[in-house]
Amino acid sequence: AQRVTQPEKLLSVFKGAPVELKCNYSYSGSPELFWYVQYSRQRLQLLLRHISRESIKGFTADLNKGETSFHLKKPFAQEEDSAMYYCALGGGGSYIPTFGRGTSLIVHP
Amino acid sequence: NAGVTQTPKFRVLKTGQSMTLLCAQDMNHEYMYWYRQDPGMGLRLIHYSVGEGTTAKGEVPDGYNVSRLKKQNFLLGLESAAPSQTSVYFCASESGGRLDEQYFGPGTRLTVT
């Protein structure tokens, strides 16, 4: 069965500090992984996907198949990064999308 | 393009009442999903559809029914609401490829008293 684990419910940092939001997955095939972000009282939106290997708003995430991880990182957190972050194993094709429970990131001034 | 829209935005029901949540998308997407979002539980998939006329159960389907009579619409029904169904409901759609992102609606906040 596929599963996505985000071990931290809450991550609290100060502005300018590095941030790492953890995500581990369990999937027997070749995974397609995403990070979605939800700002306060807004809809979820895609932040980045592993296949594109891009940096969005200073965030990056590298797929580590050996450790089955897809951690989200940013070297210097900003207050506007405060949001709920969800790691997701992609759907479409022949399998059902699976979301982690989310990590709430709070960046203090 | 409006993207993904949901109706209504808010609703308060009494236990035992029924209601239907409507999700509409104008992106010609094949796949549509209904999730519920609860504190500490994240997003859980209720039902999904891989095309017009098809539906399938997700992780937490009990107490809900769905229909996809038109490609652009995905309806979520609660036949007899229970307090445990108090939640924020999100609809999403995607074109169906494995690399595709999901596009989410703004959510419906439902309270069952």
Side-chain angles (χ1 to χ4, degrees), chain A residues 1-10 21-25 27-54 56 61 63 70 83-105, chain B residues 1-7 9-10 23-25 27-51 54-61 66 74 87-109:
Chain A
Q2 58 193 65
R3 188 167 58 241
V4 174
T5 303
Q6 293 179 251
E8 302 137 332
K9 283 187 181 178
L10 173 66
L21 288 82
K22 292 183 168 50
C23 172
N24 289 90
Y25 67 91
Y27 181 63
S28 57
S30 182
E32 303 298 343
L33 285 151
F34 303 79
W35 276 100
Y36 287 83
V37 60
Q38 184 182 27
Y39 299 102
S40 180
R41 296 197 173 272
Q42 294 187 24
R43 68 184 74 194
L44 280 84
Q45 56 188 291
L46 180 70
L47 181 61
L48 53 80
R49 69 192 86 193
H50 93 269
I51 195 71
S52 54
R53 301 181 64 81
E54 57 194 344
I56 303 293
L63 179 61
F70 188 55
M84 181 69 82
Y85 291 81
Y86 289 96
C87 181
L89 195 53
S94 61
Y95 60 106
I96 300 172
T98 303
F99 282 77
R101 294 191 172 189
T103 298
S104 176
L105 173 65
Chain B
N1 282 356
V4 180
T5 58
Q6 291 182 232
T7 310
K9 288 188 170 57
F10 304 94
C23 176
Q25 53 96 3
M27 296 173 282
N28 202 35
H29 283 168
E30 290 292 335
Y31 285 49
M32 295 187 76
Y33 306 87
W34 275 108
Y35 296 92
R36 57 178 292 172
Q37 183 184 46
D38 302 291
M41 300 298 291
L43 278 176
R44 292 183 291 170
L45 184 64
I46 304 170
H47 286 280
Y48 65 102
S49 167
V50 300
T54 74
T55 62
K57 294 180 180 180
E59 181 187 355
V60 289
V66 288
F74 194 30
S87 186
V88 180
Y89 292 85
F90 285 98
C91 174
S93 72
E94 67 172 85
S95 61
R98 288 180 71 226
L99 301 179
D100 288 343
E101 69 182 272
Q102 294 192 27
Y103 291 83
F104 283 84
T108 295
R109 188 173 294 273

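This is a predicted model, so every value here is computed, not measured. Here is the naming used below: chain letters follow the sequence lines, and residue numbers restart at 1 for every chain.
Remark: the backbone N or O of A/F99 is not paired with any side-chain donor or acceptor of B/Y35 at under 3.5 angstrom.
Here CZ of A/F34 is found 8.0 Å from CD of B/Q102. Values are rounded to the nearest 0.5 Å. The CD atom of B/E101 lies 11.0 Å from the CG atom of A/L47; values are rounded to the nearest 0.5 Å.
Neither the backbone nor the side chain of A/Q6 comes within less than 4.5 Å of any heavy atom in chain B. For B/L43, the parts lying under 4.5 angstrom from a heavy atom of chain A are both the backbone and the side chain. Only the side chain of B/Q37 comes within contact range of chain A, with heavy atoms under 4.5 Å apart. When heavy atoms are compared at a cutoff of 4.5 Å, B/R44 does not approach chain A at all.
Put simply, of B/E59, B/R109, B/M41, the one with the most heavy-atom pairs under 4.5 Å next to chain A is B/M41.
The two residues B/V4 and A/R43 come nearest to each other via the heavy atoms O-NH1, 3.1 Å.
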